[in-house]
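Ligands are counted one by one from 1 in listed order, and the atoms in each one are counted from 1 as well.
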Amino acid sequence: MFGKIREGLKKTRESFGKTIDSLFKDKKEIKKTIEELEETLILADIGISTVSKLIKGLEKEDNPKESLMKRVREILSSAEPFKTQNQKPYIHLFVGVNGVGKTTTIGKIARKRSESGERGVVAACDTFRAAAVEQLDIWAKRSNVEIVKNLEGTDPASIAYDAVAKCVSKNYDFCLIDTAGRLHTKHNLMEELEKVVRVINKGLSGAPHQISLVLDSTTGQNGLNQAREFLSKIKVTDLILTKLDGSAKGGIALSIVDELKIPISYVGVGEKVEDLVLFDAEEYAQGLFE
Ligand SMILES: Nc1nc2c(ncn2[C@@H]2O[C@H](COP(=O)(O)OP(=O)(O)OP(=O)(O)O)[C@@H](O)[C@H]2O)c(=O)[nH]1
Ligand SMILES: [Mg+2]
């Protein structure tokens with residue numbers, strides 16, 4: 001059976017993998033091949049510094065394609081894999097720019113946790129759009145979890161606080177906190193996020209246990225810039241790469257791991273509840289090529 005990550009990488013593989021294959025099959029001068037390879041890697045949204053690592057001295061290798069695949073594998077497994085801790089309640093915060101897939105990802109995780117017998121809440125701290133709360137409400141019902149949402153005039157931090165307090169008092173297993181999409185360049189919104197984190201920590205020492213930055217893989221290198229900004233403001237623990245199924249820019253995962261040294265925890269490969277899978281460096285590397 002083919003894995004979901006491989007399936008999600010179909011578009012990337014069709015442009016990237018196929019080009020690389022034909023590059024190495026053409027009996028051209030190896031120098032020329034490496035030059036073209038460099039271009040292909042950059043076009044697949046792998047940043048320049050990572051590309052340099054991938055191609056350095058490749059022409060001297062006995063089997064350049066094999067060596068390239070090995071290097072890709074090494075880079076993808078270079079960040080310490082993300083491990084969920086066993087805290088109860090487990091407080092998990094989701095952040096990211098607009099429309100990347102935060103709410104959908106929360107819905108998927110809520111369902112998984114609920115199906116495995118855990119009890120918990122989702123917190124609708126997106127107070128900008130009424131529709132955002134409704135969207136989370138639908139997921140909550142589908143997943144059979146409670147939702148904590150705003151009363152008139154409450155701010156995101158106080159909703160997060162209420163949600164955490166509820167989980168503590170009811171001895172729940174998890175709390176998934178949704179936030180409004182925000183541009184990483186908007187200073188006041190980033191400050192609001194810092195406040196949410198602070199207030200959660202007041203509600204439960206050591207929390208949030210996980211802060212996932214959700215990135216849309218179709219945005220490629222721009223996602224890397226977003227990540228840098230978020231990382232400079234809050235303690236992001238891991239990245240969730242969504243919409244891999246619609247993206248030919250799956251190469252971005254290499255830049256993320258190589259440049260930010262932050263693990264990818266999950267990969268989103270579609271809109272349905274089952275379309276969220278744990279990141280697997282080996283399957284990802286393989287899926288880029290074949
Ligand atoms: N194809 C595909 N679509 C996805 C994936 N994840 C999310 N989406 C879709 O992306 C769109 C935006 O998802 P949301 O979950 O609303 O994104 P968000 O980050 O909560 O957006 P804001 O709250 O507006 O910032 C929706 O139409 C989702 O169905 C994925 O892995 N693959
Ligand atoms: Mg949302």
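- When only modelled atom types and interatomic distance are considered, S212 and D238 share a side-chain donor-acceptor pair under 3.5 Å.
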- Message: Using the rule given for side chain to side chain donor-acceptor pair (under 3.5 Å), can you reason through N225 versus R228, listing the C-alpha separation, both sets of side-chain angles and the distance that settles it, and then say yes or no?
- Response: CA-CA 5 Å; N225 296 331; R228 285 199 189 93; 3.3 Å; yes

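- At a 4.0 Å heavy-atom cut-off, ligand 1 touches T104 through backbone and side chain alike.
- Heavy-atom distances between Q135 and ligand 1 reach below 4.0 Å in at least one pair.
- Selection from K272, K102, E271 by nearest heavy atom to atom 9 (C) of ligand 1 gives E271.
- Closest of all the heavy-atom pairs between I30 and P64 is CD1-CG, 3.9 Å.
- The residue from E118, R113, Q210 that alone fulfils the side chain to side chain donor-acceptor pair (under 3.5 Å) condition with Y90 is Q210.
- Shown here are the protein N/O/S atoms lying under 2.8 Å from the Mg ion (ligand 2), water excluded: T103 OG1.
- Counting heavy atoms under 4.0 Å from ligand 1, residue V269 touches it through the backbone alone.
- Residue contacts with ligand 1: A132 is excluded, as none of its non-hydrogen atoms falls under 4.0 Å.
- D126 places a side-chain heavy atom less than 4.5 Å from the side chain of R129.
- Side-chain atoms of S158 and D155 form a donor-acceptor pair, as typed in the model, at a separation below 3.5 Å.
- Under a 4.0 Å criterion applied to the non-hydrogen atoms of R129, ligand 1 contributes the atoms 22 (P), 23 (O), 24 (O).
- Inspection of the Q286 and E290 side chains reveals an N or O donor paired with an N or O acceptor under 3.5 Å.
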